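Here the structure comes first, spelled out in structure tokens, and everything after it is commentary.
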Amino acid sequence: ETFQQISGLSFKEKKLSEILGIKKVIIVPGDVDIDSSIKQLLGKEASEFLTNIAGKDDIVAVTGGSSIAAMANFLSPVKSLGTLTFVAARGSLGNELNVEANTLVTKFASQCGAQSRTLFLPENLSETAYNAMIQEPMVKDILNLYEQTNIVIHGIGSAQEMAIRRQSSESIIERLRNEKAVGEAFGYYFDENGEIIYRINTIGIQLEQVKDSQNIIAVAGGSTKAKAILAYFKKDAAKQTVLVTDEGAANGILN
Ligand code: G3H
């Protein structure tokens, strides 16, 4: 990389953090939509950032997705990571087993000798099932950890893609389309004004709890995610967020 390219990126990082209203943006070169191996760069940056900010006994809530999954290879048994507890940010039992939160926290913990807590639950609980589940001691323990979360690591998805990946019903997909959902994070779907228009009915970390945690690491890249990223940060962006993204998404937002 030339000096020009690097200084160009750091200019974009600064500009993007101002536009989104967040603490910091890290941009890796490339576009995951064109070259999926760029995801490894996202994972590397996110892991390095986590390694630098991790505090003793911190509780780290982790969502799912392939971008977060890419962090696993870059977590190692260093001192700052060894006392962490990785907790699945939402319960699931599911259709994306290899990149779901439960799988990732287990993997992350074993990579760096930390602890992990999982929550295996069906997605889209009925009201009755939901009310019964939150009385379970095992579930209460997890809900308690969400209250104490110091660090949140999450992906951001395009709304339609996530609804399809989650095998949501035709009526949900239609509702998302009608209400112009563009972005998704933590099972919340947002329109381009950042308004929540739908939320998956499962047990998971609440947006308020995310906003209360000291550190938030968002990992999302690819030009097709530009709109989703912008939507997610549109309204009351959590200022303590560090976004790890790529040039594809960054250019899409800046242009
Ligand atoms: O909530 C968003 C998704 O977890 C993003 O998944 O990183 O595989 O695009 P992805």
Side-chain angles (χ1 to χ4, degrees), residues 26 28 30-47 49-50 60-74 86-105 107-108 119 123-124 152-168 172-173 176 181-191 194 196-207 209-210 216-234 237-238 241-246 248-250 252-253:
I26 298 168
V28 305
D31 183 337
V32 299
D33 292 340
I34 295 168
D35 176 359
S36 63
S37 73
I38 299 296
K39 245 171 221 179
Q40 294 300 309
L41 296 181
L42 295 177
K44 181 168 186 281
E45 290 296 332
S47 291
F49 189 81
L50 174 66
V60 187
V62 179
T63 70
S66 59
S67 312
I68 305 301
M71 292 176 67
N73 292 335
F74 305 99
F86 291 100
V87 48
R90 28 200 301 271
S92 60
L93 180 67
N95 38 47
E96 287 202 298
L97 198 56
N98 58 336
V99 295
E100 75 163 49
N102 286 318
T103 309
L104 299 188
V105 296
K107 231 187 233 174
F108 288 7
L119 180 59
E123 303 225 319
N124 297 313
V152 176
I153 304 176
H154 72 91
I156 301 169
S158 297
Q160 290 292 329
E161 187 200 323
M162 290 311 298
I164 292 165
R165 265 165 60 175
R166 289 197 172 118
Q167 300 174 345
S168 304
I172 297 295
I173 293 179
L176 294 173
V182 291
E184 185 278 346
F186 307 104
Y188 293 83
Y189 287 83
F190 303 86
D191 68 12
I196 298 166
I197 58 183
Y198 174 69
R199 188 194 174 184
I200 285 185
N201 202 16
T202 188
I203 293 167
I205 197 165
Q206 307 293 304
L207 222 39
Q209 292 168 323
V210 173
I216 306 172
I217 306 174
V219 190
S223 46
T224 55
K225 277 193 187 178
K227 278 203 178 106
I229 294 169
L230 203 50
Y232 175 69
F233 289 111
K234 193 73 179 198
T241 304
V242 172
L243 169 68
V244 182
T245 189
D246 64 8
I253 297 169

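For the numbers below, each heavy atom of this structure counts, side chains included, while hydrogens, waters and symmetry mates do not. Note that the structure is predicted; figures quoted are calculated from it, not measured. Atoms within each ligand, like the ligands themselves, are counted from 1 in listed order.
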Examine [X] against ligand 1 and note whether any of their N/O atoms are separated by less than 3.5 Å.
X      : value
Thr63  : no
Arg166 : no
Ser66  : yes

Which is it for Lys234 and Phe190 under the side-chain contact (heavy atoms from CB on, under 4.5 Å) test, yes or no, and what are the steps along the way?
-> CA-CA 9 Å; Lys234 193 73 179 198; Phe190 303 86; over 6 Å; no
Which atoms of ligand 1 sit under 4.0 Å from any heavy atom of [X]?
X      : value
Gly157 : 2 (C)
Gly64  : 4 (O)
Arg165 : 6 (O), 8 (O), 9 (O), 10 (P)
Lys225 : 5 (C), 7 (O), 9 (O), 10 (P)
Met162 : 3 (C)

Do me a favour and list the nearest non-hydrogen protein atom to atom 1 (O) of ligand 1 with residue, atom name and distance?
-> Glu184 OE1, 2.5 Å
Could you check atom 7 (O) of ligand 1 against the protein and tell me its nearest heavy-atom contact, residue, atom and distance included?
-> Ser67 OG, 2.5 Å
What distance separates Glu184 CD from Gln160 CD, expressed to the nearest 0.5 Å?
-> 12.0 Å
Considering only heavy atoms, does Glu100 approach ligand 1 within less than 4.0 Å through its side chain, its backbone, both, or neither?
-> neither
Would you say Leu41 and Asp246 make side-chain contact, with heavy atoms under 4.5 Å?
-> no
Check against side-chain contact (heavy atoms from CB on, under 4.5 Å), Tyr189 and Ile196 | CA-CA 6 Å; Tyr189 287 83; Ile196 298 166; over 6 Å; no
